[in-house]
Amino acid sequence: MGRTIEVTINGTRYRHEVEPRLLLVHYLRDVVGLTGTHIGCETSLCGACTVLLNGAAVKSCTLFAVQADGAEIMTIEGLAEDGQLHPIQEGFWQKHGLQCGYCTPGMILAAYQLLSRSPDPSEEEIRRGIEGNLCRCTGYQHIVEAIRYAAEKQRVARGARSE
Amino acid sequence: MIPTAFEYFRPTNLSEALALLEQYKDEAKLLAGGHSLIPMMKLRLAQPQYLIDLGGVKELSYIRESGDHLLIGAMTRHVDVETSEVLRQRCPLLTETARRIGDAQVRNMGTIGGSLAHADPAADYPAAILALGAELRAVSIQGERWIRAEDFFVDMLTTALAPEEILVEVKVPALGPRTGTAYVKVAQKASGFALCGVAVVLTVDPNGVCQDVAVGVTGVASKAYRARAVEDALRGRALDASAIADASAKAAEGVDPLEDLHASAEYRAHLARVWSRRAIEQARASI
């Protein structure tokens with residue numbers, strides 16, 4: 001018994017008929033074809049499947065696609081603009097914020113929410129902000145540095161704009 | 001990890017939701033934030049035939065002042081409790097408790113009503129709700145009733161709610177004069193759930209003597225409980241370190257602690273005693 005949903009993902013509108021039990025992460029990956037969102041623990045602990053739902057970071061393995069009807073979703077694919085990496089992506093690159101990369105999309109979107117709520121976070125705030133995301137390579141130190149890098153880069157960019 | 005199939009409803013107001021629940025009763029489940037229910041559905045520990053999503057019932061999401069009480073709609077998300085300025089000033093125990101739930105993503109979705117109605121023995125809110133002496137408003141097609149927090153939690157994952165009732169509102173008292181509160185917990189590292197969480201509401205008289213105290217403990221037993229023995233031992237006593245230590249030693253009295261791979265019953269009882277002491281000390285320091 002299908003149900004029609006309409007969502008905007010990374011600025012593009014989609015309309016699909018889905019089964020109510022379809023999880024959002026499976027919808028994004030298997031129906032829409034955006035495989036940048038990863039499936040990790042499937043129990044809402046690891047954060048690999050984090051996406052932004054109306055601007056708030058959520059674990060897409062613990063949400064039915066039907067719950068997102070009418071929502072705006074951003075996935076990792078929506079971050080870079082015109083081929084330019086987003087400052088957070090650039091930070092992960094510059095500061096070696098990933099080893100295997102599996103947690104990275106979720107980690108970056110958790111960082112995105114953190115920086116939108118708290119543009120100049122302390123190390124403690126960063127660590128608390130990514131509490132819901134696990135890195136099995138245990139590369140947290142570099143991840144924290146990557147997010148600091150992004151915060152700094154965005155601060156400079158804001159300064160340049162206000163001049 | 002795919003749930004069994006179900007029929008999905010997304011009512012846009014409370015009366016519509018109540019009518020659906022009246023029709024399907026215990027064949028239906030209410031979906032709030034989904035962070036307890038969906039994992040259970042994926043494990044097929046819950047297999048509702050009908051899922052009534054309260055996500056569209058906007059009238060259940062609010063934080064309001066009402067004289068010397070605060071009213072919180074059941075669909076209010078943890079993040080909104082955590083960041084509420086009015087709660088921070090008038091009921092800081094709730095903001096402090098919400099802050100300790102899960103992680104940022106979980107707090108964006110989870111709701112106070114969903115957490116309470118699920119009655120997970122390791123959830124955070126029950127400790128605070130008990131210590132605050134909250135009242136919970138349940139509504140059905142037939143009418144409404146208020147349930148005292150202490151009567152609400154019946155057993156593990158079991159509440160006093162009837163199958164056709166929806167928990168719609170939580171009513172807590174505003175912080176009184178010379179009153180301090182605290183919520184502390186030892187979390188299971190991976191899940192963030194409480195191995196032991198203690199919430200305290202402590203009122204002292206002008207001489208620093210304990211006038212009243214309420215201690216709520218979660219994570220330790222099959223349901224959150226009031227540590228009455230601790231409260232009785234402390235009431236009327238000067239709050240020095242030895243009085244607090246003596247009282248806290250009674251935190252697991254008469255309780256049958258849970259045992260699992262994360263903590264033995266003995267260890268949980270130990271945590272209840274140690275963290276009751278710390279919570280009382282922290283509440284006193286916050287006055």
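In the text below, chain A, chain B and the rest are named by the order of the sequence lines, each starting its count at 1.
- The choice from R128(A), H26(A), E42(A) that makes the most heavy-atom pairs within less than 4.5 Å of chain B is R128(A).
- Nearest heavy atoms, G73(B) versus I112(B): O-CG2, 3.6 Å.
- Comparing T43(A), V58(A), L134(A) by heavy-atom pairs within less than 4.5 Å of chain B, the highest count is held by V58(A).
- Of the atoms belonging to I130(A), not a single heavy atom falls under 4.5 Å from chain B.
- Interface summary for chain B: among E131(A), Q113(A), Q67(A), the most heavy-atom pairs under 4.5 angstrom belong to Q67(A).
- No side-chain N or O of Q94(A) forms a donor-acceptor pair with one of Q89(A) less than 3.5 Å apart.
- The line from CG of L94(B) to CG of D124(B) is 11.5 Å long, rounded to the nearest 0.5 Å.
- Both the backbone and the side chain of M1(B) come within contact range of chain A, with heavy atoms under 4.5 Å apart.
- Between chain B and the options A57(A), A56(A), C46(A), the largest number of non-hydrogen pairs under 4.5 Å is found for A57(A).
- The candidate from G70(A), A110(A), S44(A), C61(A) with the greatest count of non-hydrogen atom pairs under 4.5 Å with chain B is C61(A).
- Atom NZ of K42(B) is surrounded by more than 12 heavy atoms from other residues, nucleotides or ligands within 6.0 Å.
- Only the side chain of T50(A) comes within less than 4.5 Å of a heavy atom of chain B; its backbone N, CA, C and O stay farther away.
- A side-chain donor from one of Y62(B) and E169(B) sits under 3.5 Å from a side-chain acceptor of the other.
- Using a cut-off of 4.0 Å between Lys/Arg side-chain N and Asp/Glu carboxylate O, K153(A) and E90(A) are scored as salt-bridged.
- For chain A, the nearby parts of R99(B) are the backbone and the side chain; heavy atoms of each come within less than 4.5 Å.
- Counting heavy-atom pairs under 4.5 Å between each of L53(A), L22(A), L63(A) and chain B puts L63(A) at the top.
- Each of L51(B), L43(B), L31(B) has some count of heavy-atom pairs under 4.5 Å with chain A, and the biggest count is that of L31(B).
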For side-chain hydrogen bond (donor to acceptor under 3.5 Å, both in side chains), just list the numbers for N10(A) and T75(A), CA-CA rounded to whole Å, side-chain angles, deciding distance to a tenth of an Å, and then say yes or no. CA-CA 7 Å; N10(A) 304 328; T75(A) 69; 2.9 Å; yes
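- Side-chain contact of S122(A) with E124(A): a donor-acceptor pair under 3.5 Å is absent, judged by distance alone.
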